[in-house]
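First the structure, in the form of structure tokens, and then the observations on it.
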There are 2 protein chains.
Amino acid sequence: MTDEALAFPTARHDHAACIAEALDRAERLCAERGERLTTLRRQVLELVWSGHAPQGAYDLLEQLGQARGRVAPPTVYRALEFLQAQGLIHRIESLNAFIGCPIPEERHSGQFFICRLCGLAAELDVGAIDRAIDREATRLGFTIERRTVELQGLCRACREAQA
Amino acid sequence: MTDEALAFPTARHDHAACIAEALDRAERLCAERGERLTTLRRQVLELVWSGHAPQGAYDLLEQLGQARGRVAPPTVYRALEFLQAQGLIHRIESLNAFIGCPIPEERHSGQFFICRLCGLAAELDVGAIDRAIDREATRLGFTIERRTVELQGLCRACREAQA
DNA sequence: TCGGTCATGTTATAAAATAACATTTGCGCC
DNA sequence: GGCGCAAATGTTATTTTATAACATGACCGA
């Protein structure tokens, strides 16, 4: 894993390579775990990876319809559920949307920086943030099971474009 | 503000006092700002404060119906929007629900520890967490406008009750 | 008290998610 | 290869959450 995977996506990165790598890693990871990355699940994962902006379930539904004919919500939701369970995607709570995970091999929850203008999101996984949260949890006697850390605002490119 | 306001609510705290204080501060704060805390808004705020568990809009809608007769969704959503704009309540994204803010005078986004068993939530506002996040934002060149930090798990009481 | 603004009421609909049951597919086993 | 089970997908209906658009009412200053 290079640092690149955990930074803000640039306008000119090779996104085809992102998709290819994501699918490849998903294949490998599911194989290792004895899980089935079916055609449907693969298609949904690919659609989630169509960009670095979180995608809503109904957007995916519509796009998926082009590949498969009429598709009902549960079809997409079940695939998303599977992908999430495998750590291949994350759900962005503040957007009701999903984004591909660049480091699915390690279980983690990530911290998401989401630009309200371009819609792009960067996933980080910064130990210092987790640790600061853990300290408070310990103090409270709270056992964390799931973390949601989402920051909305302006990415550098959009802020500079504004000014 | 005592530390008590920013810790896990205990089973035996004087909740009537919580409600009274919250409404009182809301009145004062709105008066200072020249905002109108109407009967409706006050009722909704009171319902949000009916406990320390985040409340869904439709739960509030139903309860509100008992006080006002039939009430339509926009009525509640608009009141919630106002209360949120004034910092009197926070929205919990991971639950689609709302919770009263114990320190509405200072603008902040808070960090929420939410127990999946008893449903209670504690709002904290820990500088170390914000700073750890800020450092990453700076590194990315990202301008944060809105923060969502929500931790789900087990509160001490529920964990101890489990074992 | 007029006129404007803000708040609320009302109706309809959009958007997001899931329940329940039917059907199909993959796969180990004989 | 075919049988039978379990997992995956299809299908229909419904629930839950949220908002758009327009009508009416309340407050407040000139």
Side-chain angles (χ1 to χ4, degrees), chain A residues 26-27 30-31 33-48 53-86 88-99 119 146 148 150, chain B residues 26-27 30-31 33-48 53-86 88-99 119 148 150 152:
Chain A
E27 290 285 7
C30 287
R33 294 179 184 163
E35 297 284 350
R36 291 164 55 192
L37 187 63
T38 61
T39 306
L40 173 65
R41 291 167 173 173
R42 200 171 197 288
Q43 283 178 322
V44 172
L45 180 59
E46 189 165 0
L47 288 174
V48 169
Q55 300 284 305
Y58 280 75
D59 295 339
L60 297 169
L61 188 62
E62 200 188 319
Q63 295 177 260
L64 192 63
Q66 289 164 19
R68 305 200 133 221
R70 190 184 174 280
V71 170
T75 300
V76 161
Y77 278 103
R78 282 189 294 228
L80 291 170
E81 189 180 18
F82 169 84
L83 296 171
Q84 232 186 321
Q86 297 307 317
L88 294 164
I89 63 175
H90 295 285
R91 179 183 163 83
I92 305 296
E93 298 291 344
S94 57
L95 296 178
N96 295 334
F98 299 85
I99 192 168
R146 194 179 127 210
T148 304
E150 299 171 10
Chain B
E27 290 286 5
C30 286
R33 293 181 186 163
E35 296 286 350
R36 292 163 56 189
L37 187 62
T38 61
T39 307
L40 173 65
R41 291 167 173 174
R42 202 173 195 287
Q43 284 178 321
V44 172
L45 181 59
E46 189 166 358
L47 288 173
V48 170
Q55 301 283 306
Y58 280 75
D59 295 338
L60 297 169
L61 187 63
E62 199 188 319
Q63 294 176 259
L64 192 64
Q66 289 164 19
R68 307 201 131 220
R70 188 184 175 280
V71 170
T75 300
V76 161
Y77 278 102
R78 282 188 292 228
L80 290 170
E81 190 180 16
F82 170 84
L83 296 170
Q84 232 186 322
Q86 297 307 317
L88 294 164
I89 63 175
H90 294 284
R91 179 181 162 86
I92 305 296
E93 298 291 345
S94 57
L95 296 177
N96 295 335
F98 299 85
I99 191 166
T148 304
E150 300 171 10
Q152 320 250 351

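Of the possible donor and acceptor atoms, one in the side chain of A:Q55 sits under 3.5 Å from a partner among the backbone N and O of A:A53. Put simply, the side chain of B:R33 gets close to the backbone of B:Q86: a donor and an acceptor are under 3.5 Å apart.
Side-chain contact between A:R146 and B:E150 is absent, with no heavy atoms from C-beta onward closer than 4.5 Å. Using a 4.5 Å heavy-atom cutoff, the side chains of A:R36 and A:F82 are not in contact. In this structure, A:V48 and A:L80 have side chains that are in contact, with non-hydrogen atoms separated by less than 4.5 Å. Two residues are said to be in side-chain contact when any heavy atoms from C-beta on lie closer than 4.5 Å; A:V44 and A:T75 fail this criterion. The closest side-chain heavy-atom distance from A:V76 to A:Q63 is not below 4.5 Å. A heavy-atom distance below 4.5 Å is found between the side chains of B:R91 and B:N96.
Shown here for A:L83 and A:R41, the closest heavy-atom pair between the two residues is CD1-O, 3.9 Å.
A donor atom on one side chain and an acceptor atom on the other are not found under 3.5 Å apart for B:T148 and B:E93.
Taking atom CD on B:E81 and atom P on C:dA7, their separation rounds to 11 Å, with Å as the unit. The nearest whole Å value for the distance from the CG atom in B:L64 to the P atom in C:dT8 is 11 Å.
Once you apply a 4.0 Å limit to the heavy atoms of chain B, the touched nucleotides of DNA chain D run 5' to 3' over D:dT17 to D:dC27.
If you check residues 35-45 of chain A against DNA chain D, the residues with a heavy atom closer than 4.0 Å are A:R36, A:T38, A:L40, A:R41, listed by number.
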Exercise. Where along nucleotides 11-18 of chain C does protein come under 4.0 Å, by heavy atom, of base (B) or sugar-phosphate alone (S), with - for untouched nucleotides?
Worked result: B----BBB
